[in-house]
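Data block below; observations after.
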Amino acid sequence: MLAPWRALGRDASVTKKKVKPGTTKRVVKFAAPYTGLLALFLFVVVLDAVIGIANPLIYREIINKGILKGDAKLIIELSILVGIIGLSDAALGLSQSFLAAKVGARIVLSLRTALFDHIQQMPLAFFTRTQTGALVSRLNNDVSGAQSAFTDILSNVVGNVITVALILGAMFALSWQITLMALILLPLFIFPARIWGHKLQAIARESMDLTASMNNVMVERFNVAGAQLAKLFGRREDETKAFEAKAGRVSDIGVTRAVYGRLFFTVLMLMAVFASALAYGWGGVLVVRHKLDLGTVVALVSYLIRLYGPLTGLSNIQVSVMTALVSFERVFEVLDLQPMIKENPDAISIPPGPARISFDHVSFRYPTAAEVSLASLESIATPDKTPEKTVLRDITFEAEPGELVALVGPSGAGKTTITSLVARLYDVQNGSVSINGVDVRDAKLASLHHRIGIVTQDAHLFHDTIRANLLYAKPDATEEEITEALRAAQILPLIDSLPKGLDTLVGERGYRFSGGEKQRLAIARLLLKAPDIVILDEATAHLDSESEAAIQRAFEIALRGRTSIVIAHRLSTILKADQILVVQDGRIAERGTHGELLERAGLYSDLHQRQFAAAH
């Protein structure tokens, strides 16, 4: 059953929150698949509560009919029965814990899987606004909170209600006078306990805040970029002192929490002692006056000791129920956020063969926070009132099968946005983007993503082996296909030189490899996928000349026979492009080949001259 101090220590502020209508019904519906397990769990809880009140009555019989009447046989028989009931109670307790854990685990698995799958369907704009830690918290803390509160409430409400009802019924039957007197003492315990509970809630909130702050320091300092920054600025000792201060506050609050928890148990035990003293004192007098038997007094004291815990747990049941509902609501809040990028019910596959990309009078603005995210998942939980801004205006062009189209222009002009629309990471507001005559909004998402391969400026690698990162593109790739992809990406000699070869861990975000090596691994991954369309987003922007030369050779192989869109930082890399689009302020300002654009002496010519002058 739910520990009394845990119930009182829960944050009472949840009772002030208004839970969205229908949340309770959704919780019940969500638990429906586990009806059988829940029924068995409740049966065990009820049986455990019923068995729990039997022993005091047996003690009464042992004293009255066994000890006082000198019936040794009855004493032995009843003592054995007490032992059997004790074993049964222990077995039911274990069964209750097992079933609660099993039901909870099933609920956690279902909720987490549903959340993870739903979050993966969110558009890229969702992830650009949302704190990763907030999402992880929903998957971990809120799901676990919903599960524990759900199972705790079942055992707390059902078990404690039945226990209290049976104990009070038995006590009134034994002596209604002593029972009433014992209940009069209850407020003397409940009110101070509630005050302690509020203090525990405040301590618990402060503890969680301090722990979160300490964890945030560790996350920021232990990732590669954070650790590198701390080392470069020589702040190790300062960082240690700052961490020690935060960890010290966590340690201090932990001591305070432990002391208050112990004080609560001390008060609980004192009240049980006072009630027992009252029962023994008054009951003893009644026994001496032959108005009550000794066994009944012992039974009453035993019941009193068992009574205060369940009553305390029930006193804060509203907080427990609201805690569960709020946790579930926070989970449902994410599940109810509909992804902007949805597959059309009548979606079709993109026709196979060489790909033609068409932009037809495309205008685009990035979605607002209200359209793609939740305020509670962002760094500042307040509505974003940033005015809408159109970032692309009337973009029209075609990339013919096998063509290389280059996008150039100043930072923020809209080049990456154009490539994002091809992969349907966002949907356009006006116009259309088509591949082989199929509007990407009408294409099956799997078909679309299968046809496109992208290498970005910061190639992302998972913290796994080289092999696992490559197989992400093609899970059924053979060893020969992997080797050929690495050879074409100009990185096979490096992989062969590693002691563990393909089974080498790349480290977080691939930081164990240089920028050029990560790019070539990303190219190998793209070659394994063998897409019809290749998008390169400034993939050589920050590489040295040697790495760039190796990657350029890899790109020649990767782009061969494929329709390609390349965002170029260095104009020297796109001299042979079939078409160069100069993007400025969200519009195509110029278009043509390298030679044609130089002849026009426009923006492209200026960019070329500045780079040429800088290079010399």
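From a predicted model like this one, the values you see are computed outputs, not experimental measurements.
- A donor-acceptor contact shorter than 3.5 Å is absent between the side chain of Glu403 and the backbone of Gln579.
- For the pair Leu486 and Leu502, the minimum side-chain heavy-atom distance is below 4.5 Å.
- Under the 30°/60° scheme for interplanar angles, the aromatic rings of Tyr604 and His594 are found to stand perpendicular.
- Using a cut-off of 4.0 Å between Lys/Arg side-chain N and Asp/Glu carboxylate O, Glu479 and Arg467 are scored as salt-bridged.
- The main-chain N or O of Arg356 is found under 3.5 Å from a side-chain atom of Asn436 such that the two form a donor-acceptor pair.
- The local environment of CZ in Arg249 is sparse, with at most 12 non-hydrogen atoms from other residues, nucleotides or ligands closer than 6.0 Å.
- A 4.5 Å side-chain heavy-atom check between Leu407 and Ile574 finds every atom pair outside the cut-off.
- Residue Leu392 forms a side-chain contact (heavy atoms from CB on, under 4.5 Å) with just one option from Val428, Ile418, Ile588, and that option is Ile418.
- Considering only heavy atoms from C-beta on, Ile341 comes within 4.5 Å of Asp427 through its side chain.
- Across Arg393 and Arg587, no two heavy atoms sit closer than the pair CD-NH2, 3.2 Å.
- The two residues Pro401 and Pro354 have their closest heavy-atom pair at CB-CB, 3.5 Å.
- The closest donor-acceptor contact from the side chain of Glu590 to the backbone of Leu603 lies under 3.5 Å.
- Across all their heavy atoms, Leu528 and Ala477 have their closest contact at CD2-CB, 3.9 Å.
- Here the shortest heavy-atom pairing between Pro531 and Gly453 reads CB-N, 3.4 Å.
- Summarising the geometry, atom NZ belonging to Lys444 is positioned 11.5 Å from atom CD1 belonging to Ile350; distances are rounded to the nearest 0.5 Å.
- Judged by distance alone, the side chains of Tyr426 and Thr417 never bring a donor and an acceptor atom under 3.5 Å apart.
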inquiry  = Set out, in order, the CA-CA distance, both residues' side-chain angles and the distance that settles side-chain contact (heavy atoms from CB on, under 4.5 Å) for Leu404 and Lys576, then state yes or no.
reply    = CA-CA 8 Å; Leu404 168 59; Lys576 298 179 181 179; 5.8 Å; no
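- With contacts defined as side-chain heavy-atom distances shorter than 4.5 Å, the pair Leu498/Ile466 qualifies.
- In this structure, the side chain of Lys415 engages the main chain of Gly409 through a donor-acceptor pair within 3.5 Å.
- Within the 3.5 Å criterion, the main-chain N or O of Asp537 finds no donor-acceptor partner in the side chain of Thr456.
- In terms of modelled atom types and a separation under 3.5 Å, the side chain of Lys529 and the main chain of Ile454 share no donor-acceptor contact.
- Counting only heavy atoms from C-beta outward, the side chains of Val433 and Phe359 approach each other to under 4.5 Å.
- Looking only at side-chain heavy atoms (C-beta outward), Asn469 and Leu521 stay at 4.5 Å or farther from each other.
- With rounding to the nearest 0.5 Å, the separation of CD1 in Ile580 from NE2 in His608 is 9.0 Å.
- Atom CD of residue Glu517 and atom CG of residue Leu494 lie 5.0 Å apart, to the nearest 0.5 angstrom.
- Side-chain atoms of Asp578 never come within 3.5 Å of backbone atoms of Val405 as a donor-acceptor pair (strictly under, hydrogens ignored).
- Interatomic distance, CZ of Phe513 versus CG of Leu461, reported as 8.0 Å (0.5 Å rounding).
- At least one side-chain heavy atom of Val438 sits under 4.5 Å from a side-chain heavy atom of Pro351.
- Annotation: the span from Glu400 atom CD to Ile357 atom CD1 amounts to 10.5 Å, rounded to 0.5 Å.
- A salt bridge links Glu484 to Arg487: one of the charged nitrogens lies within less than 4.0 Å of a carboxylate oxygen.
- Annotation for Ala423 and Ile452: closest pair CA-CD1, 3.7 Å, computed over non-hydrogen atoms.
- With Thr113 contributing its side chain and Ser110 its backbone, the two residues share no donor-acceptor pair below 3.5 Å.
- Side-chain N or O atoms of Thr563 include one that pairs as donor or acceptor with a backbone N or O of Ala355 at under 3.5 Å.
- Side-chain N or O atoms of Arg106 include none that pairs as donor or acceptor with a backbone N or O of Tyr34 at under 3.5 Å.
- Considering CG of Leu115 and CG of Leu111, their distance stands at 6.5 Å, rounded to 0.5 Å.
- Minimum interatomic distance between Pro339 and His118 (heavy atoms only, all atoms of both residues): CD-CE1, 4.0 Å.
- Sorted by first and then second residue, the side-chain hydrogen bond (donor to acceptor under 3.5 Å, both in side chains) pairs involving residues 343-352 (not counting sequence neighbours) are Asn344-Asp442.
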message = Test side-chain contact (heavy atoms from CB on, under 4.5 Å) on Ile435 and Val440; report intermediate values, then the result.
response = CA-CA 7 Å; Ile435 298 176; Val440 293; 4.1 Å; yes
